[in-house]
Protein chains: 2
Amino acid sequence: MTTSNPPYANPWTNKVIKCQDCGLKKLCFPKNLAAAEIQALEAIITRSQSYSKGDCLYHAGDLLTDLIIIKSGSAKTERVAETGAAQIVSFHLAGDLLGLDSLSKRKAVSSVTFLENSCVCVIPYPAFNALSEAAPQLQEEIISRLCEEIANSHNLMLAMNNYTADQRVAVFLQELSCRQHSRGLSKELLHLSMSRNEIASYLGLAPATVSRALSKFERDGFLQVANKHLQITDYQALVNLALACPECALAAAT
Amino acid sequence: MTTSNPPYANPWTNKVIKCQDCGLKKLCFPKNLAAAEIQALEAIITRSQSYSKGDCLYHAGDLLTDLIIIKSGSAKTERVAETGAAQIVSFHLAGDLLGLDSLSKRKAVSSVTFLENSCVCVIPYPAFNALSEAAPQLQEEIISRLCEEIANSHNLMLAMNNYTADQRVAVFLQELSCRQHSRGLSKELLHLSMSRNEIASYLGLAPATVSRALSKFERDGFLQVANKHLQITDYQALVNLALACPECALAAAT
DNA sequence: CGGGCTATTGAGCGCAGTCAAGTGTTGTGG
DNA sequence: CCACAACACTTGACTGCGCTCAATAGCCCG
């Protein structure tokens, strides 16, 4: 799975990037940590392992040995029932922690797959646990992330149960827009790394319904669709449709 | 909200019940803790505050100052969107921790309401935090509970998106049956503390659809319905319909 | 015993799913 | 670099599940 490039180094530049110099430091795991703690983290992080589009980080049932953070790229978390029914439960962007739902068991309850070529930072659990004994803020940060994940799930459930197909797609776009924005990217230009199929699974819709919604938004004049490149031309119209979705507030706070 | 009875005492017997003597000790928060830690917990727990059916523990936005555990009774967690759309995201039974989704912010993102007359144990956050510095197992336990909550949400999402109305109701009954069973109660006799309306909200269905599903189960001969008292007469038939729902495995492990 | 609420059941309709055909896009090998 | 194959997406027609609305029946409280 892992393509072979030197550990501890960015595969593009072959240079080691420290947390202090990382573009994600305002957003990523260490955002609330003191300088000394970040320095301690530096010592145990393996940087910039890279994966290709479609690579699987782990499957349900795998043993987990590390805390993984997306440095660049994106991923999906998918849950599969014994019946074979599958459900994408979250999309992950740069700065997100992966495998939070499996943290306590150390055994994956879902699978994570990369949606594009991606790099990750790896923190081995033993070293992390040793570190968090000295720095309780690390545990706090983990707990905070877990709470966010719960709140996100609940919001998604609310949307799935109470909103129409069009509204759900609007919520999805708004959420993505907010998350891109908080990463310093444009609010209006969305680059989807996931397929229509994956969006449909996430929102509990049929793929055809997602297509129809996007086409409708284009007809209604507030979105331009060019395959995976979307442009929101009237943000307020989108928000009106999504009706002040709570995801956005959360994503903005992240 | 709180009815006035002496703190630290069971309102029925007026006797203080220690964690060691509590019927829930196999299931409740301290289940994985060492004797010394439980003893330390004892010192900071306020026991047996009681609430009446319909009482609200807290509303979204309220400041949270304590960790709350249901000692007896049941409750629901409800999330309300700015649009007014409401969604019940979980039902809580004895031994459950309340307000996990609001833990990190110390400010409720959802509201908790009791479904019947209930008693709770209260652990003030400051005392709890002080204690967990000395006993990291406490933090571990919290993290474990949070992970379970995430997994539960994801399972529910999966059910809502992939299962028919009948299957969802079957999943709900099976889940409840498992949770009752792990609390030492019957697997077959279910006593619903929630209304059809609340079940419908939880499952993302209309109340009428829940009624219809229950009537159908009765016609099909594996369930007897007498208002809030249900009896599962063919458990396997129910499981076949719910198709090995993952909730059950989780509830059994709790 | 009556009032109010909750649950059940029926009739009809609409949203979104399914199926299928057609179009566009991407990646691969000649 | 082009041709082709495989795949992803769009769009249309039709169907059906579950929602809505409404009327009736049952339960629980004072």
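Keep in mind that this is a model prediction, so the values were computed, not measured. We name chains A, B, ... by the order of the sequence lines, and we start the count at 1 in each one.
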Next on the checklist: So, taking the atom named CD1 in Ile150(B) and the one named CZ in Arg145(B), what distance separates them when rounded to the nearest 0.5 Å?
Outcome noted: 14.5 Å

Checklist outcome for this item: Between CE of Met160(A) and P of dG18(D) the distance, given in whole Å, is 15 Å

Next on the checklist: Under 4.0 Å from OP1 or OP2 of dT11(D): is there any side-chain N or O of Ser215(A) that close?
Outcome noted: yes

Checklist entry - In degrees, rounded to 10°, what is the bend between the two ends of the helix from dC1(C)-dG30(D) to dG30(C)-dC1(D), using five pairs at each? => result 50°

Item to check | Leu205(A) CG to dG18(D) C1', straight-line distance once rounded to whole Å | outcome: 16 Å

Checklist entry - Is the Tyr51(A) ring parallel, tilted or perpendicular to the Phe114(A) ring (thresholds 30°, 60°)? => result parallel

Checklist entry - Considering only side-chain heavy atoms of Thr209(B), which listed nucleotide, dA13(D), dC19(D), dG18(D), is closest? => result dC19(D)

Checklist entry - Base, sugar-phosphate, or nothing: which does Leu214(A) touch, judged by heavy atoms less than 4.0 Å apart? => result nothing

Checklist entry - Counting only heavy atoms not in Lys228(B), do more than 12 sit closer than 6.0 Å to its NZ atom? => result yes

Item to check | His92(B) vs Thr77(B), side chain to side chain donor-acceptor pair (under 3.5 Å): CA-CA, chis, key distance, verdict | outcome: CA-CA 8 Å; His92(B) 308 282; Thr77(B) 294; 2.5 Å; yes

Item to check | Asn240(A) side chain to Gln236(A) side chain, donor-acceptor N/O pair below 3.5 angstrom | outcome: yes

Checklist entry - Between which nucleotides of DNA chain C, 5' to 3', does chain B make heavy-atom contacts below 4.0 Å? => result dA7(C) to dA11(C)

Checklist entry - Under 3.5 Å, is there a donor-acceptor pair linking the side chains of Ser74(A) and Ser193(A)? => result yes

Item to check | Geometric class of the Tyr202(A)/Phe91(A) ring pair [parallel <30°, tilted 30-60°, perpendicular >60°] | outcome: tilted

Checklist entry - Name the one of Thr209(B), Leu205(B), Leu214(B) that satisfies side-chain contact (heavy atoms from CB on, under 4.5 Å) with Arg196(B)? => result Leu214(B)

Checklist entry - Rounded to the nearest Å, what distance is computed from the CG atom of residue Leu230(A) to the P atom of nucleotide dC9(D)? => result 11 Å

Item to check | Heavy-atom closest contact (Arg183(A) atom, Leu27(A) atom, distance) | outcome: CG-CD2, 3.2 Å

Checklist entry - To the nearest Å, how far apart are Ile199(A) CD1 and dC9(D) C1'? => result 11 Å

Checklist entry - Using a cut-off of 4.0 Å between protein heavy atoms and nucleotide atoms, how would you tag nucleotides 25-30 of chain D 5' to 3' with B, S and -? => result --S---

Item to check | Integer-rounded Å distance: dC19(D) P and Leu203(B) CG | outcome: 11 Å

Next on the checklist: Heavy atoms only, 4.0 Å cut-off, all strands: where does Lys216(B) land among base, sugar-phosphate and nothing?
Outcome noted: nothing

Checklist outcome for this item: Interatomic distance, CD@Gln49(B) vs OG@Ser118(B), rounded to 0.5 Å, equals 12.5 Å

Item to check | Whole-Å distance separating the CG atom of Asn197(B) from the C1' atom of dC19(D) | outcome: 14 Å

Next on the checklist: By nearest heavy atom, map Arg212(A) and Lys228(A) onto DNA chain D; which one lands nearer the 5' end?
Outcome noted: Lys228(A)

Item to check | Reported CZ-to-CD distance for the pair Arg79(B) and Gln87(B), which is rounded to 0.5 angstrom | outcome: 10.5 Å

